[in-house]
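A quick write-up on the structure given underneath.
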Amino acid sequence: MAPEADMSVIPGGNAAKITVPDLLQRKSWSAADPRKKKITCLTAYDYPTGRLVDEAGVEVVLVGDSVAMVALGYESTLPLTMEEALHHTKAVRRGVQRAVLVADMPFGTYHGDVNEALKNAVRFVKEAHAEAVKVEGGERRLEVIAKLVEAEIPVMGHVGLTPQSVHAMGGYRVQGKTASASEQLLRDARAVETAGAFAIVLEGIPRELAAEITRNVRIPTIGIGAGPDCDGQILVLHDLIGLTFHAPPKFARRYANVGEIISQAVRDYCANVQSGTFPSDTESYHRARVLDWEEDLAVNRDGDW
Ligand code: KIV
């Protein structure tokens, strides 16, 4: 008998809103069970990118603290403030209807007092209408994750190459390469699960270790630079569409070159302005047909201008 259609996994389909409990059901992906398709996640940083990834069928939209580097031009994710993160989360929220919207908690907003962390997490839910928050770290974050979960805020964990630990790690380096580092990462992932997280990002670790962690936790694992055996995958949108100023990391597949498309469009526009071919007559209003364009404006711009 054909498996029952699961509308929640049909990209771009007229599908129902995806929820955190839906994601938990997607654990233990297996080719034998087509209803357990891998979870698709991407970052977004503003209204248009949020809307485009949501409408294309992505199931989890993360307003990553990578916004600091890819959209705000900072050297690392560390300078991002609560106010900046909230501002971007609110913009993405306006574009996302179907996917689960997760807000990344900025460095320093959940590392000290757990009540302070709770206050900050609540702001993402109350002010920016995020459905979940993400925090980096394993065993050390057990208490804070449990605190947020107790307050009914779903939490996504993140272990392995955690960019907020760039100085402690001595750079952006693949983690879990030795046996003892692998054991620690497995303990970290289990701690995140025990604390009550609903999913965990595994970043920059060997494929074999990601597979082992995936087998050993009951919550979905979401890989980035962690091989294909996780329960889902996430990428930084700008790496995928080619809107960065560096070569993409080894694990990121570039599906488009939007940076080049923008540059070419702007070069063409400048050339047209300077040669006098933009705007053309048909792109201009005419005194004699003022009634026509008043009608046009009324239709196209709600008569605003
Ligand atoms: O900030 C981010 O974009 C992330 C993901 C890539 C996991 O943390």
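As the structure lists them, so they are numbered: ligands from 1, and atoms in each ligand from 1. In this chain, residues are counted from 1 in sequence order. Every value quoted in this text rests on a predicted model; they were computed, and no experiment measured them.
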Using modelled atom types and a 3.5 Å cut-off, is there a donor and acceptor pairing between side-chain atoms of Ser182 and backbone atoms of Gly176?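 Side chain of Ser182 to backbone of Gly176: a pair is present.
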If you look at each N/O of ligand 1, which protein N/O atoms lie under 3.5 Å away, and at what distance?
from: ligand 1; atom 1: 1 (O); to: Asp65; atom 2: N; distance (Å): 3.1
from: ligand 1; atom 1: 1 (O); to: Asp65; atom 2: OD1; distance (Å): 2.8
from: ligand 1; atom 1: 1 (O); to: Ser66; atom 2: N; distance (Å): 3.0
from: ligand 1; atom 1: 1 (O); to: Ser66; atom 2: OG; distance (Å): 3.3
from: ligand 1; atom 1: 1 (O); to: Asp104; atom 2: OD2; distance (Å): 3.2
from: ligand 1; atom 1: 3 (O); to: Ser66; atom 2: OG; distance (Å): 2.5
from: ligand 1; atom 1: 8 (O); to: Lys134; atom 2: NZ; distance (Å): 3.0

NZ/NE/NH1/NH2 to OD/OE distance under 4.0 Å, Glu59 and Lys38: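 Salt bridge absent between Glu59 and Lys38.
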Side chains of Thr43 and Tyr45: is there a donor and an acceptor less than 3.5 Å apart?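 Yes, a side-chain donor-acceptor pair sits under 3.5 Å.
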Partners passing side-chain contact (heavy atoms from CB on, under 4.5 Å) against Ile241 (at least two apart in sequence or in another chain):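 Ile241 satisfies side-chain contact (heavy atoms from CB on, under 4.5 Å) with Leu237, Leu243, Val258 only.
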Suppose the criterion is salt bridge (charged side-chain N to carboxylate O under 4.0 Å, His left out): which pairs have a residue in residues 150-175, not counting sequence neighbours?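 Listed by first then second residue: nothing to list.
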Atom pairs and distances, side-chain donor-acceptor, residues 128-139, under 3.5 Å, sequence neighbours left out:
from: His129; atom 1: NE2; to: Lys126; atom 2: O; distance (Å): 3.4
from: Glu131; atom 1: OE1; to: Lys17; atom 2: NZ; distance (Å): 2.8
from: Glu131; atom 1: OE2; to: Lys17; atom 2: NZ; distance (Å): 3.4
from: Glu131; atom 1: OE2; to: Arg93; atom 2: NH1; distance (Å): 3.0
from: Glu131; atom 1: OE2; to: Leu101; atom 2: N; distance (Å): 3.1
from: Lys134; atom 1: NZ; to: Asp104; atom 2: OD1; distance (Å): 2.9
from: Lys134; atom 1: NZ; to: Asp104; atom 2: OD2; distance (Å): 3.3
from: Lys134; atom 1: NZ; to: His158; atom 2: ND1; distance (Å): 2.7
from: Glu136; atom 1: OE1; to: Gln164; atom 2: N; distance (Å): 2.9
from: Glu139; atom 1: OE1; to: Gln184; atom 2: NE2; distance (Å): 3.0

